[in-house]
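This report refers to the structure that appears directly beneath it.
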Amino acid sequence: MTHKMDSRFDHKKLEPEIYKNWEISGFFNPDNLIKKGVIKKNAKKFSMVLPPPNVTVILHMGSAFMLVIEDIMVRFNRMRGKKTLWVPGTDHAAIATESKVVKLIQKKERKSKHDIGREAFLKRVNDFAIESRATIISQTKAMGSSLDWSREAFTLDDKRNLAVRTAFKRMYDDGLIYRGDRVINWDPKGQTTISDDEVIYKEVKAKLYTFKYSKDIPISIATTRPETKLGDTAIAVHPKDERYKKYIGKTFDAEFAGEKISLKVVGDRNVDPKFGTGALGVTPAHSIIDWEIAKVNNLPIKQVINEYAQMTVGIEGVKGEKTAIARKAVVEWLKKNNLLEGEEEIDQNISTAERTGAIIEPLPKLQWFVDVNKEFIIPRSSIKGIRSGQRTTLKKLMRTAVKNGQIKFVPKRFEKSYFHWIDNLKPWCISRQIWYGHRIPVWYRKNTKGKLQNERIYVGVDKPRGSGWKQDPDVLDTWFSSALWTFSTLGWPLDWVKGKAKKGSDLETYHPTSILETGYDILFFWVARMILMTTYNLGEIPFETVYLHGLVRDEKNRKISKSLGNNIDPLDMIALYGADAVRMSLIIGTAPGGDSKISEDKIRGYRNFSTKIWNASRFVLMNYDKTITARPVYTKYDKDALKQLERIKKTVTEDLENLQLHRAGEKLYHYFWHTFADKIIEKSKPRLNSKKLSERAAAQKVLLTILTETIKMLHPFMPYVTEEVWSLLPNGHNAKKNLLMIEKW
RNA sequence: GGGCGAUUAGCUCAGUUGGCUAGAGCGCUUCGUUUACACCGAAGAGGUCGGGGGUUCGAGCCCCUCAUCGCCCACCA
């Protein structure tokens, strides 16, 4: 029997065809695996959700890396006969998407979102998201990802919106979501608040100015931001500081750069007597710490900077100016009035917004928060160590689910970061002053009773009856909806009745999910918040294992980014070398939690491997003569080779079960190329021509057996070339001409 | 300031509970068109596993210490 095989695997032509066949088979959907009898109805489950890519970004090496790791896990488990589900979706990514579309419109039409109006603007963003989603899906498919597209979700679709509103309402009723007036991180560019986690610190050189507010005030203070001092309402000193003790309780008045200020001297133990002058000008409206000092000491709060980072008070050159310009003007004013006592260059960490890069301006604002320390009663809990009906807090839930071993991290060291983060966790600010996202399910109505005016608040899943209600204009932090992802994609809240999953629902079958695989960079943003939301809303863990991967870097160990010009586009690489090669090169040499080093050389190397697989298969098939019916007589070498194969099977299986994908891949690579192709095939050549048919039968049988088994094991790693080879194997070796993807491991 | 990690061949990295005569890919040297594959094969050079100390019959792996690099968190006005 001879095969007409080219000497190359034509990935460009065959990969899309093969993917189509997989899709037609329907086997990405576990329901079909049961229906067609591939697996039993009561087979063990293996479920995963895809970390939904932002609709703003096209596929990059980072997402390719994630897709490969997850697809290997999924394909392996599917072949092991598990009821395997991998749920795809995309993330609306509120701020990121909105600011992208704002920029696009600004560039093309020179219009702001306000020019267009809320409703029309949202339609534009939505159109953008739909288009983007289509691109992402086709790219995800090109990687060979065996996702169940029939269950595809979007963090902002109707079902997910219902989940968001339901969760919000529950948390509000439990007192875990509250509205509070506090100094928050304001992004003047994005015109919105952001959470503490979205603040990025950058080290810069700054000047520390030492000065007096006026000649009549005996205390000097130091600051890097003189312009904010127009909003000072107090001077804080350490209560035991001998220099200043005598002033505590006194109030000084002054006119500072055109603004009348009144400063009360207060004692506060948080003031470091050794820093600067040992006295701190308290600016409650523009510093989170000062806000806290103000609360404790009952100080007035005076805002002097607006949402555009402009001064609202002060002399000419200060009022109406951006803070950076006003700062210089205030320093000039200090000099002119002989109040400046010194300036010193220091290193300072300034806070910037993760998405827009703008310098954060702390401002007092009325916002919605999630309280992680407030006690509530959890109606039902399967978290070990927390009983149903027990009083607990979100923080305790988050900690317990990991501490008790129900959720395991791979690599384990990330558990430490996780606990550290929880320990430092403050209220989570969830409201955003943008338009794109889940609108906060809160309505307000002004009531007038006689002379009394008050505002009524209604929080609910749906809008209240009656007229005059206005919905809160803000939307939720995008992570609020992604935090629900593991269960909102499986049918919560509709399939969740009386604290239990409906019989036969996805929620019952697939929750908790088996593994959550994602990048360590969103451990806090996402993983921790999923644990929070799932333990709270379901009383269950969201996943049994958290597997974290690192960044993709280039051969010089630099982060891959467009601005560095070292961007390797996975789609270009797929076109050149095939998806199998790209997949292998991302996996090999990358331990869990580690960064993946990629280069075109490396990809080329694995393309060569793919060709090697192809040609070794070609050789075996060319030499397979089915007319030989002689009983094979195996040599010791044959037996040893088959024994070795069994050993490889065992250790590769173990590695995959232990999530050591890189080791399994490396072993297979090495075994296939340097043992099977270089040694076993070479040694078989004379025997394949032997006059003794029993010898020929043995040789070809051994080759075919090893080929069949290695192709199977390589399938999760290199699904395309292996599926194609599989289809060419003689009958009896590829069972009933089934697809390799559902072959039993 | 607190925490985590890395340091293994020229380069990029594997090496899970200590048993290695220390591996891979790329690169390098020499040779080779033979029933698949030159996107190939054969042979080879190249490492005191960051320094020092300790535990052990035995340490790249465990403990202590120093050095360098990286990351995360907090943030002093």
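From a predicted model like this one, the values you see are computed outputs, not experimental measurements. Numbers restart at 1 for each chain; the letters A, B, ... are given by sequence-line order, proteins then strands.
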### Query
Do A/Glu343 and A/Lys207 sit within salt-bridge range, that is, some charged N less than 4.0 Å from a carboxylate O?
yes
### Residue met sooner reading RNA chain B from 5', once A/Val199 and A/Phe275 are mapped to nucleotides
A/Val199
### Task
Could you tell me whether A/Ile221 contacts a base, only the sugar-phosphate backbone, or nothing, with contacts defined as non-hydrogen atoms closer than 4.0 Å?
nothing
### Task
Compare the minimum distances between each of B/A74, B/A42, B/A36 and the side chain of A/Phe619, then state the nucleotide with the smallest one.
B/A36
#### Entry: For atom CZ of A/Arg583 and atom P of B/G25, their distance in whole Å
22 Å
### Message
Classify A/Glu682 by what it touches in the nucleic acid, base, sugar-phosphate, or nothing, heavy-atom distance under 4.0 Å.
### Response
base
### Query
Within this structure, what is the OH-to-P distance between A/Tyr520 and B/C73, rounded to whole angstrom?
11 Å
## Note on the structure
Quick note, salt bridge (charged side-chain N to carboxylate O under 4.0 Å, His left out) partners involving residues 265-279 of chain A, not counting sequence neighbours, are none
### Query
Expressed in whole Å, how much space separates the C1' atoms belonging to B/U55 and B/A6?
24 Å
### Message
Please classify the nucleic acid contact of A/His674 as base, sugar-phosphate, or nothing, using heavy-atom distances under 4.0 Å.
### Response
sugar-phosphate
### Message
Between the side chains of A/Asp6 and A/Lys13, is the shortest nitrogen-to-carboxylate-oxygen separation below 4.0 Å, so that they form an ion pair?
### Response
no
### Message
If I pick the C1' atom on B/G46 and the same atom on B/C63, what distance separates them, to the nearest angstrom?
### Response
33 Å
### Summary
With sequence neighbours left out, the residues meeting ring pair (Phe, Tyr, Trp, His ring centres under 6.0 Å) with A/Phe369 are A/Tyr178
### Task
Would you list the pairs meeting salt bridge (charged side-chain N to carboxylate O under 4.0 Å, His left out) in which at least one residue belongs to residues 225-238 of chain A, sequence neighbours left out?
A/Arg225-A/Glu227, A/Arg225-A/Glu361, A/Glu227-A/Arg327, A/Lys229-A/Asp232
### Query
Is any side-chain nitrogen or oxygen of A/Gln660 closer than 4.0 Å to OP1 or OP2 of B/A14?
no
### Query
In whole Å, what separates the P atom of B/U29 from that of B/G10?
16 Å
### Task
Please state the P separation for the pair B/A74 and B/C66 - nearest whole angstrom.
27 Å
#### Entry: Donor-acceptor pair present, A/Asn349 side chain and B/C75 base, under 3.5 Å
yes
### Query
Is there a donor N/O on one and an acceptor N/O on the other, under 3.5 Å, for the side chain of A/Lys426 and the base of B/A74?
no
### Task
Please report the C-alpha distance between A/Val582 and A/Tyr606 in whole Å, then the side-chain angles of each, then the deciding distance to 0.1 Å, and finally whether the side-chain contact (heavy atoms from CB on, under 4.5 Å) criterion is met.
CA-CA 8 Å; A/Val582 174; A/Tyr606 289 104; over 6 Å; no
## Note on the structure
Here the distance between atom C1' of B/U12 and atom CD1 of A/Ile568, to the nearest Å, is 12 Å
### Query
Does A/Tyr547 have any ring pair (Phe, Tyr, Trp, His ring centres under 6.0 Å) partners at least two apart in sequence or in another chain, and if so, which?
none
## Note on the structure
The salt bridge (charged side-chain N to carboxylate O under 4.0 Å, His left out) partners of A/Glu292 (sequence neighbours excluded) come to none
### Query
Would you say A/Thr675's side chain and A/Phe672's backbone share a donor-acceptor pair under 3.5 angstrom?
no
### Query
Considering residues at least two apart in sequence or located in another chain, which fulfil the ring pair (Phe, Tyr, Trp, His ring centres under 6.0 Å) criterion with A/Phe524?
A/Trp421
### Query
Any side-chain N or O of A/His670 under 4.0 Å from OP1/OP2 of B/G25?
no
### Message
In this structure, how many angstroms lie between the C1' atom of B/A77 and the CG atom of A/Leu280, rounded?
### Response
5 Å
### Query
For RNA chain B, what dot-bracket results from Watson-Crick or G-U pairs at under 3.5 Å, with [ ] for crossers and | for inter-strand partners?
(((((((..((((.....[...)))).(((((.......))))).....(((((..]....))))))))))))....
### Message
Could you tell me how far apart A/Lys229 (NZ) and B/A77 (C1') are, to the nearest whole angstrom?
### Response
7 Å
### Query
At under 4.0 Å between heavy atoms, what does A/Thr224 touch on the DNA or RNA strands: base, sugar-phosphate, or nothing?
sugar-phosphate
### Given RNA chain B, 5'-ward residue of the pair A/Ala677 and A/Gly589, judged by closest heavy atom
A/Gly589
### Message
Among B/G41, B/A36, B/C73, which nucleotide has an atom closest to any side-chain atom of A/Asp678?
### Response
B/G41
### Message
If the threshold is 4.0 Å, N to carboxylate O, is there a salt bridge linking A/Lys667 and A/Glu654?
### Response
no
### Message
With the threshold set at under 4.0 Å for non-hydrogen atoms, list the residues of residues 603-616 of chain A touching RNA chain B in residue-number order.
### Response
A/Arg607, A/Asn608, A/Thr611, A/Lys612, A/Asn615, A/Ala616
### Query
So what does A/Asp655 hit on the nucleic acid, given a heavy-atom distance under 4.0 Å: a base, only sugar-phosphate, or nothing?
base
Side-chain donor-acceptor distances from residues 677-685 of chain A under 3.5 Å, at least two apart:
{"residue": "A/Asp678", "atom": "OD2", "partner": "A/His674", "partner atom": "ND1", "Å": "2.9"}
{"residue": "A/Lys679", "atom": "NZ", "partner": "A/His674", "partner atom": "O", "Å": "3.4"}
{"residue": "A/Glu682", "atom": "OE1", "partner": "A/Lys685", "partner atom": "NZ", "Å": "3.3"}
{"residue": "A/Glu682", "atom": "OE2", "partner": "A/Lys685", "partner atom": "NZ", "Å": "3.0"}
{"residue": "A/Ser684", "atom": "OG", "partner": "A/Ile681", "partner atom": "O", "Å": "2.7"}

### Task
Give one of base, sugar-phosphate or nothing for A/Asn658, where a contact means two heavy atoms less than 4.0 Å apart.
nothing
### Query
Is it true that a side-chain atom of A/Asp595 and a backbone atom of A/Leu551 form a donor plus acceptor pair closer than 3.5 Å?
yes
### Query
Of the nucleotides B/C40, B/G25, B/C75, which one has an atom closest to the side chain of A/Tyr669?
B/G25
### Task
Side chain of A/Met622 only, please: which of B/C72, B/A36, B/A77 is the nearest?
B/A36
### Query
If you check the A/Arg8 side chain, which of B/A36, B/G15, B/C39 turns out closest?
B/C39
### Task
Write down the distance separating the P atoms in B/G15 and B/A9, rounded off to the nearest Å.
15 Å
### Task
Return the set of residues passing side-chain contact (heavy atoms from CB on, under 4.5 Å) with A/Lys426 (not counting sequence neighbours), or none when no residue passes.
A/Asp196
### Message
Output the rounded distance in Å from CD1 (A/Ile288) to C1' (B/A74).
### Response
12 Å
### Span that lies between the C1' atom of B/U21 and that of B/U12, in whole angstrom
26 Å
## Note on the structure
Here the distance between atom C1' of B/A24 and atom CH2 of A/Trp673, to the nearest Å, is 12 Å
### Query
Between B/C73, B/A14, B/A77, which one does the side chain of A/Ile346 approach most closely?
B/A77
### Query
What string of B, S and - do you get for nucleotides 1-8 of chain B 5' to 3' if you count protein non-hydrogen atoms under 4.0 Å?
---SS---
### Query
B/A59 and B/G52: how far apart are their C1' atoms, nearest whole angstrom?
15 Å
### Task
Pick the C1' atom in B/G32 and in B/G18, then give their distance to the nearest Å.
43 Å
### Message
Students often get this wrong, so: under 4.0 angstrom with heavy atoms, is A/Ala236 touching a base, only sugar-phosphate, or nothing?
### Response
nothing
### Listed partners of A/Phe9 passing ring pair (Phe, Tyr, Trp, His ring centres under 6.0 Å), at least two apart
A/Trp614
### Query
What is the distance, rounded to the nearest whole Å, between atom CD1 of A/Ile200 and atom P of B/C73?
7 Å
